[in-house]
Structures are given as C-alpha cells and as structure tokens.
Protein chains: 2
Amino acid sequence: MQEEQADARVVESQQGRVLDGLRVIEIGHFIAAPFGARVLADLGADLIKVEPLDGDPVRQWGEQPDGRSLWWSVHGRNKRCVTLDLKSAEGRALLLDLVEKSDALIENFRPGQLEKLGLGPDVLHARNPGLVIARVSGYGQNGPYRDRAAFGVIGEAMGGLRYLSNQPPGPDQPPPVRVGVSIGDSIAGLYAAFGIMAAVWQRDRAKGDGKARTLDVALTESMFSMMEGMLPEYGRLGKIKQPTGGGIATAAPTNAYPTADGEWVLIAGNSEPIFGRLATLIGMPDLPRDPRFAGNAARVANVVALDALIAGWTVRHDAAEAIELLKGADVPSSKIYTVADCATDPQYLERDMVREIEDPLLGPILHPGIVPYVPGDAASIRWTGPEIGAHNDEIYGELLGRSPEQLDALRAAGAI
Amino acid sequence: MQEEQADARVVESQQGRVLDGLRVIEIGHFIAAPFGARVLADLGADLIKVEPLDGDPVRQWGEQPDGRSLWWSVHGRNKRCVTLDLKSAEGRALLLDLVEKSDALIENFRPGQLEKLGLGPDVLHARNPGLVIARVSGYGQNGPYRDRAAFGVIGEAMGGLRYLSNQPPGPDQPPPVRVGVSIGDSIAGLYAAFGIMAAVWQRDRAKGDGKARTLDVALTESMFSMMEGMLPEYGRLGKIKQPTGGGIATAAPTNAYPTADGEWVLIAGNSEPIFGRLATLIGMPDLPRDPRFAGNAARVANVVALDALIAGWTVRHDAAEAIELLKGADVPSSKIYTVADCATDPQYLERDMVREIEDPLLGPILHPGIVPYVPGDAASIRWTGPEIGAHNDEIYGELLGRSPEQLDALRAAGAI
C-alpha cells in the first residue's frame, strides 16, 4: 500500500483531477472566500477570480520582495484572474455572461452588497437557474448583526475560540492569544467549499433534485461549530469552559515544555504506561507511586507541580536531544514546529507537502502541497498567483467571445 | 432578502436536504473522522457509524450527567449507530454488505490497520468498485512517520499552529497554548468531508469520470495548509514566523484588553480614522499626532506602550460598558465570548445556531446549529447521539435483510 501510493504521487497524469469540469466564479477578497476558492482550484476546478481593477488587497499583504507578495503566490494559485468593475453596466454584463457558463459562485461581500450592485441571487438565477451560490460573511445573511463590519479576529472571539486560547485564569493571565493565522476565515472558506460540492452533487447526480442552492456561511458560526461539548455542557451544567494554557483540563501530563536551546517540546504522557516510562526517563521512577501523581485524576489536580518537574528535565536538554530521548522511551512527543522545521521535515518532504515551484514573477518559491491529497490524480499546482487581470483576454475573449475591439473598448471605458 | 431567508429557516420541509440520497459509512473513533462524518450527516447524508461492541471512546468524554456524555449528544447526532466486531468473519461480512450499499466510507485507523483486518481499499473496491474512501490519519498513509501514534496536539504542533499560539518571544514567555479544542482533528475531518463530496460529484455527474477515489487526509497537513504566507516567506527570506500574543505583527492596535470585571474585550483599531476615534474615546485625542503612534508603522514599533495606554482605559470599565462605548465611537470590537455569551447572543439565537433539543437519553439539551446553513432545506438535527448499537436491527435487518434469527446468532457470537 505504501509503495503503491508513493508511486501514485510521482505519476503526474495517470488520471485527471477530481474537480475537472467544475467552473466556479470567485468574487472574493481578503481570506475567507479566496481560501475556499483555492481549495476548489487546488483540486482542479476552473476557478475564475473576479477582482476590481486595483486587485484584491491581499496582493499587498505579508512580505513583498520586489513589491510582490509571497503569500499571494499561494493564495492566488491555480486561479484565472480577471478584472471587472461591478459598478459599471459593462462589468455586470460580463459577470452575468460568466455566470451563465459556471456551476457555482463564491463571494464574501458584506450582506446586501451584491443586491445593491443589482447582482443578488435572484438576478444571478435568472441568468443561470442552476448556479450554486456560497455566501460567506462575518455573521450571516440575516439577524441583528448582519450589517456589522466583519473581521476574522472578531469572528474567532465570538465563536468562543479566543477565550480558550489562553493560560488558565489567574491574576497574571496574559491576554488570550490569536493563534497566529486567520483560522476563522480559513475554516469558513473550507465550509463554503464543502457546501458548494454538496450542492452541486445533489444538483448534478442522476437521481438528484436538480435544485440550485444558496448557502449562507458565517465566520462566527463556522468557528462555533468546532467547539465540541462546550455548548451542551453549559446548557445542562452551567459549566463555562475555561482556557487551560498548553494543557488539557482532563488529562496530565500533556503540555509544551521549554528546552535548553529556547525551543518547546510537546509531551503527551498521560496514560499510565507512558507516564511510567516518562518518569523513569526524567530520573524520577517513583513518581507514579507518589500520591500526588498516582493516576490521572491526581495528576490533573497537581498538574502545576508535575509540569514543573518535567520542565526541570526538558530545560537540561536541547530540543533535538530531548526528542530523541523521548522517542527512545516511546513517549509521544514532538518539537513545536516553526516554519523552518516544517520546511525540512522528512514526512512533509516525502509527501510533497513542501514543494519548490517556479513563480514567473518571483522565481523559485516554496509552496505547501494540496489538501486533501488525492492519490493518482494529476498534480495540481498548475500555476502560482497571477498578476491582476492576467486572464482577461483568455476569459473574455476565448470563453465569452468578445472581440479584440470589444476588449479594447471595455478597457477604454474602465470596465475591465 | 433578509426576510425571505428568515422565513426559509422556519419552513421545515420546503425541500429535502442537500445530502439526501448519499450513504456514508464511518469507521471512526475520537474526533477527526467522526467530525467529518457529522458534517455530512448534518446536511442530510445517511451516515452509518460502525463501532466496536464497547463503542467509540468519545462516548465517555467530557461531562457526563447520569453517566452520559453531553458532547456525544452532538458528536453522534444524525448518525445511525451499529456495532460490529471487525475482527470476526461475520462482522467483516456485514461490513462488506454495507459497503455494497454505500457511496463512501470515512475512517481514521492508524495507516495499515484496515489492511491488517483484511479490509483494505482493494477488498472494499472488489465489493463496490464505486466506493469513495476517505482515510484520515495523523501523518498520511505513506512516508517515514506513517506508523507513529497520532495525537491532535502533535498534529497541531507539527502543522505550525502551536508555535504561533503564544505571547511574543521573550524571557518570560509562557508555553504556547492549545487553542482549547482539537482544532486540527476537526479541520482534518472537514477536509475529508469536502474531499468525499468532490469525489462523489465527479463520480456521479453525467459527464464525470466515474472513478472511485481514495483520499489521504493527514492531520498535520490539514493544519499546515492554513498557514498562509508562512512557507514561501521562509523559503525566500528565511523569515521564521513568530508568535505575537493577542496582536498581529503588521497592524496596531489590535489586541485583547482586560476589563474591570475580569473579562477581555477585543479592539481592532488599526486604520487611521478608527484609531483617531479610539484615541478620543480613551481621553487621549492627541495620540495620532504623538510620533510614537503616528501611522501604523510607528504604532507597530511601539505597540507595547500603545497597548498599555488602551488597557489603562479598558480596565476602568466593565466589559459590557466598554463595548457600548466602543460601539458608540464606531470602533470595531467584541467581548471575547465565553460559552455563556455564545448561548445568549441574539445573532446566534436568531439564526438558530443555539437550539434547545430534546435528547431522549439526556432530556432538554443545547446543540449548536448546522454549518454550512442551507436556507430552504429541511431542518437537519434529526436526532441526538444514539446509544451503542441503537440501529443494529434497522440496518442489519431492514437494510441488509438479516432475519431476527440471524441477528440473534450474530449477537450470540459476539459479532454485533
């Protein structure tokens, strides 16, 4: 099995791609809708990104050697990029022509904005009754907050994630941390991609209902949906789930511990046999018989003392050495990876999750691979994030049949 | 639009559900595969969860009034639960009969385990050549780590998320926090659900390629795929993305600030006009002209001092009061929601994201709603997490045609 799959990964064109034949329009900006669109594009969809004439602002985000965003190279990959002034009649006409030739549309305007432009779902469906529409927004398309400005950090705060991303409550508790990326945006985008596939499956299969659906994905709710037993435990028991820092409320020891070289190692040693081996490794073989640490419940109750003992051992070792020793004792552990660790990890490398790609604008560049990995499908980083309007001629000319003269006129009018 | 959608949500049976007609087998345990399966079940799939005779261990996780897990009520909802001893010949025969009648299968055994049981993809496809299989694992089905024990926390650590979930580097830096839920597991499950829909769409549409695909979803890679520009920025510039606590490396002020009543408020005040209004609100209208804080770059450079000034204002107000004042000044902000805030939020309530459901085993209980929300579709919390083997008779009797005598024999043999 292992060999067969490793081989399959090398074969570039054994079969097509899972989303060959699906055409999706993105009217997205920033992160949520564009991330969902990227996931679809990575699996082979013909993804047409519609941008205003000055482009998606994310083209200027993050580090920019020579004025070109490295993030954009990934965020925009596998998309065909066209410009369009949605406020102009000619621009809207082009969009509706695209709608006619597409399966789905994903957007993340503020609710009501598409309608204001005269491009609400009723208008889009008049042109293409089968179009699946995924609307991504901060709070959803209805309700008292629908008109509020949406920010990823606010969605994460309202979804309940941010409160839990902190050290345990106490006098010196620092502010809850942002997890370092716009996780709520990306999860909302992934839900939208999933919803689109669910809807086109039901529309397109032989016994399906043939309906076009309009999905309503809220960033807050996408986050909230991942909160496990938090809500029913509150409803029944009044329990307000609390942050627990690097640990877990119900098991010990499991935490991140500092090392001599200023790194962190994660150790998950909460089962009895593993804890026994860990205790021996750190030179305290009697710990499992210490009444403070005998059994998981006692360890949870005395977790601060226990974590201090373990940290007293980890700080005497560099991270690489600690990991080797822990591995030798069969204690589940990992260095807390920085991007440098990710980029050189043998597992990521063997599975092609770290790839050197040639970006025509930036030169050689590292890209993360495709998730989900579909063994046997053709490789799917087809191109990197293109320039603004890079595919105007191809899309408006070849796909929509506009003549060179018409394209010139559209350019002159500022419509594309 | 708003009214129409609010109405649609009330109508329970205007149309079917988006995944009506899709049958999926889950051979999952713990979080990742079962979460992906729940997402499919929530949209209407006929989700058959196959468990060992003593059930999925998650049935004993979290708070358990009367010995019944509240989390399980959500995690197992909308699934039909059958028991099956995969180590017995009769159990495997039942599973293959199920496979014959299903569209897809999702599993999260350790790689190689299904094969050891004699149920590898080749065996499953011999019985149903069209079966889509989603395999969720810690590190993927191949590569040097494939046989290692997988834990959610380790996947998050190796995906790069954990390093970033921390205060900025410094002598008193606490350990990086776990975000409080098994986010890596849930994201991997969501990717698997998305991959299944992509594959069945290509298989089932009129012009599709008809192929059955086997997806390979790794927890580490699911996490790593959300790391934005982190990898290309490292590859090109050697930049190792660093944790920034509650803030963002490139904009200020945006952070969580403490309040008089011990809560946190999130303030995103980094644009020039918003910063001006915020400065006036906190009684320091000259801040935007202070050279330390004039412009975003200066504010980022002096963010510690700036955050202290803002916190000096927030700690003089209770959270509710601070939020009202910030809203009055049109400064984007939110309380950092605990579950108690989520449960009473008017937006969640209006959009039915907090629902009181009757659980036959637990009585009235709060459940989070369905994501993605599909307006117009029939409501989709059809039932709560069932008991172990609750649907054995229904599935093995009605669907697979086993007689009552055969079922008795299977029970006596310990196969179900």
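By convention in this document, chain letters (A, B, ...) are assigned in the order of the sequence lines, proteins followed by strands, and residues within each chain are numbered from 1. Here the structure is a predicted model, which is why all the values come from computation and not from measurement.
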TODO: May I ask you to decide if P364(B)'s main-chain N or O and R236(A)'s side chain share a donor-acceptor pair within less than 3.5 Å?
DONE: yes

Task: Exam field: side chain Q347(B) to backbone Y139(A), donor-acceptor pair closer than 3.5 Å - done: yes

Open item on the list: Working to the nearest 0.5 angstrom, can you tell me the gap between R178(B) CZ and I248(A) CD1?
Closed with: 4.0 Å

- [ ] Using non-hydrogen atoms and a 4.5 Å limit, figure out which bit of V39(B) sits close to chain A: side chain, backbone, both or neither.
- [x] both

TODO: Say whether, by atom type as modelled, one donor and one acceptor occur between the side chain of E63(B) and the main chain of E233(A) under 3.5 angstrom.
DONE: no

- [ ] Quick one: pull up CH2 in W201(B) and CG in L43(A) and give me the separation to the nearest 0.5 Å.
- [x] 11.0 Å

Task: Atom pair CG (D377(B)) and CZ (R213(A)), whose distance is rounded to the nearest 0.5 Å - done: 4.0 Å

- [ ] Give, as side chain, backbone, both or neither, the part of S69(B) having an atom under 4.5 angstrom from any heavy atom of chain A.
- [x] neither

Open item on the list: Going by the rule side chain to side chain donor-acceptor pair (under 3.5 Å), which residues pair with S186(B) if we only count those two or more places apart in sequence or in a different chain?
Closed with: none

Task: For chain A, the option from V74(B), L161(B), V217(B) that forms the most heavy-atom pairs under 4.5 Å - done: L161(B)

Open item on the list: Once side chain to side chain donor-acceptor pair (under 3.5 Å) is applied, do any residues pair with Q242(A), and if so which ones, sequence neighbours excluded?
Closed with: Y163(A)

- [ ] Specify the closest pair of heavy atoms between W264(A) and P174(B), including all atoms of both residues, with the distance to one decimal.
- [x] CZ2-O, 3.3 Å

Task: With M223(A), the side chain to side chain contact (heavy atoms under 4.5 Å, CB included) member among V371(B), V181(B), I183(B) - done: I183(B)

TODO: Could you tell me whether a side-chain N or O of Q202(B) sits under 3.5 Å from a main-chain N or O of D20(A), the two making a donor and an acceptor?
DONE: yes

Open item on the list: I need the residue from G235(B), G245(B), P332(B) with the largest number of non-hydrogen atom pairs under 4.5 Å to chain A.
Closed with: G245(B)

Task: Main-chain N/O of L366(B) paired to Y234(A) side chain as donor or acceptor, under 3.5 Å - done: no

